[in-house]
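Okay, structure first, notes after.
Small disclaimer: the values here were computed from a predicted structure and weren't measured.
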Amino acid sequence: MDRLLDKLRWIRTSRNETVQAQARLLRLGGVEQLVEAVDTTIEWTDHRGRKTTETIHSLEGGDDRNPPLIYFPGYAAASGFIFRNLGQWIGRFSVKAVDFLGTGLSSRPSFRARTTREAEDFFIESFELWRRKRNIEKFTLVGHSMGGYLAATYALRHPEHVSHLVLVCPAGIGKRPDDWEEKIPPALKNPFTIRGMLFRSAQSLWDWGLTPGGLIRALGPLGKTIVQGYTQRRFITGNHLTEEEVAAFSEFMYGCVAAKGSGEYALRHILMPFAFARSPLETRMAELTVPVSFIYGESDWMDRQAGHRAIESIKARRPPLVEGDCKLVEIRNAGHYCQIEQKDMFFREMLGMLGMDAGAMVVEEEAGEAIETAEQLEEEWNTAPMSAATHVVEGL
C-alpha cells in the first residue's frame with residue numbers, strides 16, 4: 001500500500017525523507033556520530049515588514065576550542081553536499097555548514113524581493129540574525145559558487161565578524177564583457193534558426209524567473225529521474241563518488257530542489273542570463289577590509305581572471321594583511337566542485353591560505369575527470385544553448 005501511495009505522489013519526496021537522506025550521507029562520510037544537524041529559530045522580517053518565525057538549518061561538528069569556520073553552499077545546494085569533507089574539517093575547526101533561509105533544509109518563506117539588494121538582504125540579514133542568536137563573533141567564512149558571492153557580500157557588510165574569507169569557485173565576481181554580444185555566434189543571434197530561438201528562449205525564461213526547482217516540481221515523477229541522471233553524470237562518470245554515495249546524494253539533492261520554491265527565486269535578481277552578475281563583485285571588493293583567498297578548480301568554468309582582477313583592485317587600496325591574503329590557487333584535475341573532486345588537495349590548500357600547517361597530512365590526487373570543464377561548456381553554448389544554460393545554473 002505504501003508503495004502504491006508513493007507512486008501516486010506528484011513530488012516524490014518530503015522534508016523527512018530529505019533529512020533521512022542527509023543522515024545517510026553523514027553515515028557514508030563517516031561522521032554520523034561526530035556531526036549534529038541543528039535547526040535554529042529566528043524572528044524574520046522581510047523587506048515589506050512581514051514578521052514570521054523561521055528556522056535556519058546547519059550541520060555542526062568539531063571542538064569548540066578550535067577556530068570557528070562557517071560554510072555557505074552554492075545555488076540549489078545544501079550543507080549536506082560536503083559530507084565527504086566534514087571529517088577532515090572538524091578535526092581542525094569548529095564547523096558550521098549553514099543552509100541559507102529558503103534553501104536546503106531551512107524553512108522556506110515566500111520570496112518577495114524585486115531588486116538585487118533585496119535579494120541579497122534575504123540571505124545576508126537572515127544569516128546575521130542566525131549569527132546573533134548563536135553568539136558567534138568572529139569566524140573564517142568559506143563560500144562555494146553562489147555561496148561565495150553571498151560570503152563576499154556578507155564580508156563587505158559585516159567585516160568585523162570575518163577573520164578570513166575563502167571564496168571557492170565563486171559566482172558573480174566578473175562583469176559581463178563589453179564585447180559579449182559580439183562574441184555570440186551568428187547562428188545564435190539569428191532569431192529564425194532553431195538555435196537562435198532556443199538562445200532567446202533561454203534568456204527569456206531566466207528573466208521570467210524559471211528555476212531548476214520550478215522545472216523539477218513541474219515535471220513531477222520525471223523530475224526525480226532527471227536529478228538522478230544529473231548526479232550520476234556529474235559524480236559517478238568522473239569517479240568522484242561511489243554508487244551508494246550517489247544514490248543518497250541524488251535523494252538528498254532532489255529533496256532540496258523539489259521542496260517549496262523560496263530562495264531559489266533570487267537567481268534572476270543577482271545574476272543576468274548566462275550567469276553574469278548584476279552587481280559584479282570585482283567592482284565592489286576593493287572596499288574589502290578582511291583577508292580574502294580564492295580557490296578554483298583547474299578546469300572550473302568560472303572566470304578566474306575576474307578573481308585576479310578583484311585581487312588587484314584590493315591590492316591597489318591596501319597591502320595584503322596576512323600571508324594568504326590576496327592569493328589565488330588552482331586545484332589540479334578538478335572543476336567547479338573541486339572540494340568534492342579533490343578533497344585532500346582542497347583541504348591542504350585551504351589550510352595553507354589560512355596560515356595553518358597541514359602537518360603530516362598525506363595528499364593523494366584522486367583519479368577521474370574534472371566535472372564540466374570550461375572548454376566543454378563553451379562548446380555547449382555554441383551547439384545547445386538551452387542545455388548549457390541548465391548546466392550553468394546546476395553549477396552555481
Side-chain angles (χ1 to χ4, degrees), residues 2-25 57 73-81 83 99-111 145-146 198 201-238 240-241 243-268 271 273 275 336-337 340 371-372 377 380 384-396:
D2 289 342
R3 185 172 296 179
L4 175 61
L5 291 175
D6 182 66
K7 289 184 178 297
L8 292 175
R9 288 193 297 173
W10 184 251
I11 296 177
R12 296 183 176 178
T13 189
S14 65
R15 189 182 193 280
N16 184 53
E17 288 169 281
T18 308
V19 168
Q20 292 175 11
Q22 178 177 260
R24 288 198 299 275
L25 287 175
H57 181 81
Y75 183 82
S79 50
F81 277 41
F83 71 99
D99 291 350
F100 283 113
L101 182 65
T103 73
L105 285 168
S106 293
S107 60
R108 300 191 173 221
S110 298
F111 186 85
S145 200
M146 181 67 85
L198 289 173
S201 296
Q203 294 186 82
S204 297
L205 290 171
W206 186 295
D207 286 331
W208 292 340
L210 180 68
T211 65
L215 183 62
I216 293 300
R217 291 187 291 271
L219 292 174
L222 181 59
K224 188 169 187 176
T225 302
I226 291 173
V227 172
Q228 289 171 337
Y230 163 70
T231 54
Q232 289 174 356
R233 184 182 74 248
R234 287 287 196 174
F235 300 112
I236 287 183
T237 302
H240 303 295
L241 301 180
E243 290 190 16
E244 187 179 7
E245 288 172 335
V246 166
F249 191 89
S250 295
E251 192 70 31
F252 179 67
M253 184 176 186
Y254 175 65
C256 293
V257 174
K260 174 190 172 184
S262 179
E264 68 191 62
Y265 297 126
L267 183 67
R268 65 180 176 135
L271 301 179
H336 189 59
Y337 290 92
I340 294 177
I371 300 172
E372 192 73 271
L377 191 62
E380 196 170 20
M386 286 289 277
S387 175
T390 301
H391 288 167
V392 164
V393 175
E394 286 173 347
L396 294 173

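- The closest side-chain heavy-atom distance from Leu210 to Tyr265 is not below 4.5 Å.
- Ring to ring, Phe81 and Tyr337 are not that close: their centroids are 6.0 angstrom or more apart.
- Taking CG from Leu219 and CD1 from Ile226, the interatomic distance works out to 4.5 Å, rounded to the nearest 0.5 Å.
- Taking 4.5 Å as the limit, some side-chain heavy atom of Tyr75 sits within range of a side-chain heavy atom of Pro212.
- Salt bridge annotation for Arg24-Glu244: absent, with no cationic side-chain nitrogen under 4.0 angstrom from a carboxylate oxygen.
- Inter-residue side-chain proximity for Val227 and Phe249 is flagged as unmet; no heavy-atom pair is nearer than 4.5 Å.
- Considering CD of Gln20 and CD of Glu251, their distance stands at 9.0 Å, rounded to 0.5 Å.
- With contacts defined as side-chain heavy-atom distances shorter than 4.5 Å, the pair Cys256/Phe252 qualifies.
- Contact annotation: the side chain of Pro109 approaches that of Ser262 to within less than 4.5 Å [non-hydrogen atoms, C-beta and beyond].
- For the residue pair His57 and Ser79, no side-chain donor N or O sits within less than 3.5 Å of a side-chain acceptor on the partner.
- Side chain of Arg217 to main chain of Lys260: no donor-acceptor pair is present (N/O by atom type, distance under 3.5 Å, no hydrogens or angles).
- Using a distance-only test at 3.5 Å, with no hydrogens or angles considered, no donor-acceptor pair links the side chain of Ser106 to the main chain of Gly102.
- The side-chain heavy atoms of Thr13 and Lys224, taken from C-beta on, include no pair separated by under 4.5 Å.
- Judged by distance alone, the side chain of Asp99 and the main-chain N or O of Leu105 form a donor-acceptor pair under 3.5 Å.
- For the atom pair CZ of Phe83 and CG of Leu241, the computed distance is 5.0 Å after rounding to the nearest 0.5 Å.
- Summarising the geometry, atom CG belonging to Leu222 is positioned 8.0 Å from atom CD1 belonging to Ile216; distances are rounded to the nearest 0.5 Å.
- Side-chain N/O atoms of Glu17 and Ser14 include a donor and acceptor closer than 3.5 Å.
- For Ala78 against Gly104, the heavy-atom pair with the smallest separation is CB-CA, 3.8 Å.
- Using a 4.5 Å heavy-atom threshold, the side chains of Glu245 and Leu25 count as separate.
- Counting heavy atoms from C-beta on, the side chains of Thr103 and Glu264 never come closer than 4.5 Å.
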